[in-house]
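The block underneath contains the structure these notes are about, expressed in structure tokens.
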Protein chains: 2
Amino acid sequence: MTAPAQRSTRQRDVISRVLDTAEGPLAVAEVLGRAQGDLPGLGIATVYRTLKLLTDQGRIHPVTLDGETLYEASGRGHHHHFSCTACGKVFTLHTCPVALPRGTVYPGGFIVEAHEVTLYGRCPGCAAQMA
Amino acid sequence: MTAPAQRSTRQRDVISRVLDTAEGPLAVAEVLGRAQGDLPGLGIATVYRTLKLLTDQGRIHPVTLDGETLYEASGRGHHHHFSCTACGKVFTLHTCPVALPRGTVYPGGFIVEAHEVTLYGRCPGCAAQMA
DNA sequence: TTATATGCAAACATTTTGCAACGCC
DNA sequence: GGCGTTGCAAAATGTTTGCATATAA
């Protein structure tokens, strides 16, 4: 009773690479668009199936931002996100503004296992345009 | 040319009260269910329309958590959320773990206008059950 | 060869919209 | 009475699934 065989296909390779080389989390439509650059005939169903597969494998994970589900590659270490209120792009931040290690007991008796922080504001590019 | 008149209806009153008296953010289905306790015939479209109306008025605002959109009353001051990984309930936290006032320039040149923090872990009740 | 993966289209789930009936003001 | 609001059903979105064909191994 072994796990079902996993095949390496061009579709999966391309979708994986799109996420691995992305500068931040991507929306499903964005993944489809970028992957179609290499595979014009790629279907949206394959993207959804592959995203689920990669998520189950722990190679990527979903990030929900303003109601939209984005996907990003795992294994990039602890980080957070910055959502630009001007251009809408989402950036990855490598500095963490909170000190809440696993096991911290938060006021009220909440035992913290993990945390997520999202910052909103102007990204460097949009801030420069305003000036 | 004044703004269109807003009418006070039983539906809007009930939906507003459901959110005002909620202990935390509620999912749309949860709002519908609670409101139907008072208004059995209430339609889901009215709930969506009213949620959008109240949001536009700034009286409530959406909170996205794990891909689900929840709504909570505004004007409760700055706070964050704790999502229990055991029972799934979402709690409101009144202590803020970050010091990022508006205008803070975050490493990388990001100008912070707002921030959101979500903590994950065991709520007091679930933590007690484990012990 | 053969079981898994893909693409298409149909099925679902969720949210929005059109419209006639209804009810505040 | 008039116009905003409601409930229903249809439409628009976003995501999943069935199935015949294509393909990795």
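So you know, we letter chains A, B, ... as the sequences are listed, proteins then strands, and number each from 1.
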Rounded off to whole Å, could you give me the [atom1]-to-[atom2] distance for the [X] and [N] pair?
| X | N | atom1 | atom2 | result |
| --- | --- | --- | --- | --- |
| A:L70 | D:dG14 | CG | P | 13 Å |
| B:R12 | C:dC25 | CZ | P | 10 Å |
| A:I44 | D:dT13 | CD1 | P | 15 Å |
| A:D13 | C:dT4 | CG | P | 19 Å |
| B:L32 | C:dA13 | CG | P | 17 Å |
| A:L51 | C:dT6 | CG | C1' | 15 Å |
| A:Q11 | C:dC8 | CD | P | 11 Å |

Requested in this report: Would you indicate whether the side-chain heavy atoms of A:D38 and A:R17 approach each other to under 4.5 Å?
Outcome: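 SC-SC contact between A:R17 and A:D38 confirmed.
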
**Report entry** Selection: residues 35-42 of chain B, any non-hydrogen atom under 4.0 Å of DNA chain D
**Finding:**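 Going residue by residue through residues 35-42 of chain B, the ones with a heavy atom under 4.0 Å of DNA chain D turn out to be B:G41, B:L42.
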
Report task. Please check if A:L119 and A:L100 belong to a single hydrophobic cluster, counting links between Ile, Leu, Val, Met, Phe, Trp and Tyr side chain heavy atoms closer than 4.5 Å. Result -> yes

Report summary line: Scoring nucleotides 17-25 of chain D by protein non-hydrogen atoms under 4.0 Å (B base, S sugar-phosphate only, - none) yields BB----BBS

Query raised in the report: How long is the gap from CG on A:D66 to CD on B:E116, to the nearest 0.5 Å?
Result: 7.0 Å

Requested in this report: Take the angle between the ring planes of A:H80 and A:H115 and call it parallel below 30°, perpendicular above 60°, tilted in between.
Outcome: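 Correct class here is tilted.
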
Requested in this report: On the 0 to 90° scale, with breaks at 30° and 60°, tag the B:F82-B:F91 ring pair as parallel, tilted or perpendicular.
Outcome: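 Taking B:F91 first and then B:F82, their aromatic rings stand perpendicular (interplane angle over 60°).
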
Requested in this report: Show your reasoning for whether side-chain hydrogen bond (donor to acceptor under 3.5 Å, both in side chains) applies to B:T85 and A:E113.
Outcome: CA-CA 9 Å; B:T85 52; A:E113 292 172 352; 3.1 Å; yes

Requested in this report: Starting from A:M130, walk the hydrophobic network (Ile, Leu, Val, Met, Phe, Trp, Tyr; side-chain heavy atoms closer than 4.5 Å) and list everyone else you reach, by chain and number.
Outcome: none

**Report entry** Residues A:K89 and A:E30 bridged, charged N to O under 4.0 Å
**Finding:** no

